[in-house]
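We count ligands from 1, going down the list as the structure has it; atoms in each ligand are counted the same way. The first residue in the sequence is number 1, and the count goes up from there.
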Amino acid sequence: MIDLRSDTVTKPTPAMLAAMTSAPLGDDVFDEDPTVHKLQERVAELLGKEAAVFAPSGTMTNQIGVRVHCQPGDEFLCEAGCHIYNYEQGAYAQLSGLAVRPVEGRENILHVDQLRDLIRGDNEHLVRTRLVCLENTHNRGSGRVLPYDGVAEICAWAHDNGLATHLDGARLFNAAVATGIPANEWAKHFDTVSVCFSKGLGCPIGSALAGPAPLMKQARRIRKLFGGGMRQAGVIAAAALYALDNHIERLAEDHAAAQILADAVRATSGLRLEPDTIDTNIIIFSVDPQIATAHEFVAALRARGVLTLAVSKTRIRAVTHLDVDRAAVARAAKIAQETTAALADGKLHPATVDEDSAAYGR
Ligand SMILES: *Cc1c(COP(=O)(O)O)cnc(C)c1O
């Protein structure tokens, strides 16, 4: 099987496993795991922040990030397609009593002009606008890298107007490698930044939140509240340290492989890239409804050894990663082309599939 469902499906490499089994450990709830300390310092340095906190998932680091900036009855602004709003069960409401104001970007990109009028006045009827959240790269936006100047502009506007800023950087290193703009340059515009080790970096688990030391002290407290205090967490922090040393530069490989798939989609009648440009490792394309639904197409690909995800009735997502090399991606691209042709010619009949089985947010 060529598994292109997500960059989360990677298995730790032997070298990563060796790093994990040889790491010095301690109880991190006592704040005495040396490997976790090392990782947190490394992440803080990489992102140009004072401190960082290690946590089990990106959902948790996002929710801690939102929480350190807001009190119950506060509101944050975000792009309507973002992970925090769509794929975290409204945890900001469930766990922190917050409201959200999602704003639809053009191709998932917000412009500062769309936000200027959204800060609510000081009035006892209203929630308090406190925070802006951005996502880079944008998962549902086909791995889009946000325009650097646009990010700087939104954050400067937010800070000028007393709002905090949080970056969901689950795939920030993809953005850094794709643009050559280092992670700390992206991060400097934000008060807090969340990064994931379990996506393109190939770790089995782990995310981190970085920001000013007093906020990270608070973040550690909230992490405990959310159930994210971990004991000998150095065993997984070691994987993250290994990945930061060895798996960042190679993201360029995933981006190059994604272009093979993008080119194949562009060259196939019945398939269409949406949007047409691919910046990093996520490809989203639609299939002509005359040929098949997205779920039918995914089932047909699976029968031929390629795993992808239906993200709507017409759209399919494929993601390149550490465990699929260029040759495998090229094979998958060829299979997608052959499958499209066979379905269009009526040589292959779509299987009956469960339309509710779309998978979200990965
Ligand atoms: C995967 C992802 C997250 C966090 O996901 P977890 O599975 O909770 O680690 C957050 N934001 C984006 C954009 C993601 O793609």
Novice: Where's the contact between Ile84 and ligand 1, heavy-atom distance under 4.0 Å: side chain, backbone, both or neither?
Specialist: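 Near ligand 1, Ile84 shows nothing, with every heavy atom at 4.0 Å or more.
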Novice: Just let me know how His138 lines up against ligand 1, side chain, backbone, both or neither, with a heavy-atom cut-off below 4.0 Å.
Specialist: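 No part of His138 comes within reach of ligand 1.
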Novice: N/O of Glu88 under 3.5 Å from N/O of ligand 1, yes or no?
Specialist: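 Looking only at distances, the answer is no, because the N/O contact criterion of under 3.5 Å is not met.
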Novice: With heavy atoms of Asn62 as the reference, note each atom of ligand 1 found under 4.0 Å away.
Specialist: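 Under 4.0 Å from Asn62, ligand 1 has these atoms: 10 (C), 11 (N).
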Novice: Hey, is ligand 1 close enough to Cys196 that some N/O pair sits below 3.5 Å?
Specialist: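 Between Cys196 and ligand 1 (N or O atoms, distance only) the closest approach is not under 3.5 Å.
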Novice: Under the side-chain hydrogen bond (donor to acceptor under 3.5 Å, both in side chains) test against Ser286, which residue among Lys313, Glu274, Arg315 passes?
Specialist: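 Exactly one pass, corresponding to Glu274.
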Novice: Distance under 4.0 Å to a non-hydrogen atom of Glu135: what atoms of ligand 1 satisfy this?
Specialist: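 Atoms satisfying the 4.0 Å criterion: 13 (C).
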Novice: Measure across Thr320 and Asp254 and return the closest heavy-atom pair with its distance rounded to 0.1 Å.
Specialist: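 Answer, listing the atom of Thr320 first, then Asp254: OG1-O, 2.7 Å.
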Novice: Do any N or O atoms from the side chain of Tyr85 and from the backbone of Arg101 form a donor-acceptor pair under 3.5 angstrom?
Specialist: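 No; zero donor-acceptor contacts below 3.5 Å.
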Novice: Looking at Asp31, is its backbone amide N or carbonyl O close enough to the side chain of His37 to form a donor-acceptor pair, meaning the two atoms are under 3.5 Å apart?
Specialist: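 Yes.
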Novice: Assess, by modelled atom type and distance only, whether the side chains of Arg144 and Thr277 contain a donor and an acceptor separated by less than 3.5 Å.
Specialist: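 Looking only at side-chain atoms, Thr277 and Arg144 do form a donor-acceptor pair, the distance falling under 3.5 Å.
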Novice: Please check: side-chain N/O of Asp279 versus main-chain N/O of Val145, any donor-acceptor pairing under 3.5 Å?
Specialist: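 Flag set: sc Asp279 to bb Val145 pair under 3.5 Å.
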Novice: Heavy atoms only: which of Arg171, Lys199, Arg140 is nearest to atom 3 (C) of ligand 1?
Specialist: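 The nearest heavy atom belongs to Lys199.
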Novice: Give yes or no for whether the N/O distance cutoff of 3.5 Å, strictly under, is met between Thr59 and ligand 1.
Specialist: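 Yes; the residue has a nitrogen or oxygen that sits under 3.5 Å from a nitrogen or oxygen of the ligand.
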Novice: Assess, by modelled atom type and distance only, whether the side chains of Arg140 and Tyr87 contain a donor and an acceptor separated by less than 3.5 Å.
Specialist: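 Side chains of Arg140 and Tyr87: pair found under 3.5 Å.
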Novice: Can you list the ligand 1 atoms lying under 4.0 Å from a non-hydrogen atom of Ser57?
Specialist: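 Result: 8 (O), 9 (O).
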Novice: Atom 11 (N) of ligand 1: which of Leu172, Thr61, Asp168 has the nearest heavy atom?
Specialist: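 The nearest heavy atom belongs to Asp168.
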